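The structure appears below as structure tokens.
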Amino acid sequence: MQLPMIIVHGGAGAWKDERIPVGVKHVGKAAEVGFDVLLKHGSALDAAEACTIYMESCGFLNAGKGARPNLEGILELDAMIVDGKNLDFGSVAAVTGIQNPVSLARYIMEKTDFKFFAGDNAKKIYQKMIEEGYRRELESGIIDLDSSSPTGDTVGCIVVDKDGNIAATSSTGGIPNKAPGRVGDSPVMGAGAFANDVCGASATGYGEHIMRVVLSRMAVLYVEEGLDVMSAARKAMDMFERKTGSEAGIIVADKNGEYGYSTNAKAMPMAVVRKDIDHLELRVCTG
Ligand code: ASP
């Protein structure tokens, strides 16, 4: 077994060649941040949240501070966190004015009777979360709308702790030129991410089509049916492409720390750490 482990993606898409090393660098740092939490005896959820916060806050990926604006120039963020151990999740959609929607998603999962909040009312839950001291704002939660234009893609990760508990995330500003109020796959359980006590997955790409085939759940199902994780990732992507003709990417990891990945997009920057922080693998998955 190769535990604990973390696998991170920085989004599948038409990355400009010169931006790919930047994406790889930041997913690598995010993997280190998450793995460090695991070494300090954090849970899979703690590590997945910390890793995703890094990517939301770095300003170089399409999530949080660096998110791609909608057609009206507003950053509307979607995010989800999935707890495979308890088959549970929390999600937020179209939330504005905050930097780390993944933490809000976790708060919703752990501290409310609900799973999924959208829009202005999600922002009210965020304010409650801060007031209660569930999370501290390290920087102002107000996103700088003048921040540099987005350069990366959606982010996500899967963490498997030393006991085989799995957590997964996804966080995004959405696809280019999205209409105000549009929500993609990223906060939708089973589509943008999924995890149970066997396997986890996190997807990226055109959310409209990822939702049609419930991509992350399908990848995990293939593992439950007996495929190894790499074959499951490839089978999920083949199925996705055949049924939708669209572009996406996926990462998959099982409870033993085996992992797989696949994309039919130009590039998907990835990072993996297993067992030991010295074993950081950086990779660009290509379609
Ligand atoms: N899946 C995201 C969405 O549709 C976008 C992406 O992965 O780049 O919102």
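Everything numeric in this text was worked out from a predicted model, so none of it was measured. Atoms within each ligand, like the ligands themselves, are counted from 1 in listed order. Positions are given from 1, in the same order as the sequence printed here.
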Ligand 1 N/O within reach of E208 N/O, cut-off under 3.5 Å: no
K115 with D88: basic N within carboxylate O range, under 4.0 Å: yes
Backbone or side-chain N or O of I210 under 3.5 Å from ligand 1 N or O: no
Salt-bridge contact D17-K266 (side-chain N to carboxylate O under 4.0 Å): yes
Single-linkage hydrophobic cluster V198~I166, side-chain heavy atoms < 4.5 angstrom: no
Within-cut-off N or O pair, R68 and ligand 1, under 3.5 Å: no
G13 to ligand 1, any heavy atom closer than 4.0 Å: no
Any R274 side-chain heavy atom under 4.5 Å of V272 side chain: yes
Enumerated ligand 1 atoms positioned under 4.0 Å from heavy atoms of S186: 1 (N), 2 (C)
Under 3.5 Å: donor-acceptor pair, side chain of E247, backbone of Y206: no
Close-contact set for ligand 1 against G174 heavy atoms, below 4.0 Å: 9 (O)
Ligand 1 contact by K178, heavy-atom criterion under 4.0 angstrom: no
Shortest protein heavy-atom distance from atom 9 (O) of ligand 1, along with the residue and atom involved: R182 NH1, 2.8 Å
Ligand 1 atoms in contact with T204 (distance to a heavy atom under 4.0 Å): 6 (C), 7 (O), 8 (O)
4.0 Å heavy-atom contact, G11 with ligand 1: no
Check: K275 main-chain N/O paired with K162 side-chain donor or acceptor under 3.5 Å: no
Check: G205 N/O within less than 3.5 Å of ligand 1 N/O: yes
Salt-bridge present (R135, E49; N to O < 4.0 Å): yes
Ring geometry between H26 and F60 (parallel below 30°, tilted from 30 to 60°, perpendicular above 60°): parallel
Per atom 1 (N) of ligand 1, closest listed option by heavy atom (T172, D185, T154): D185
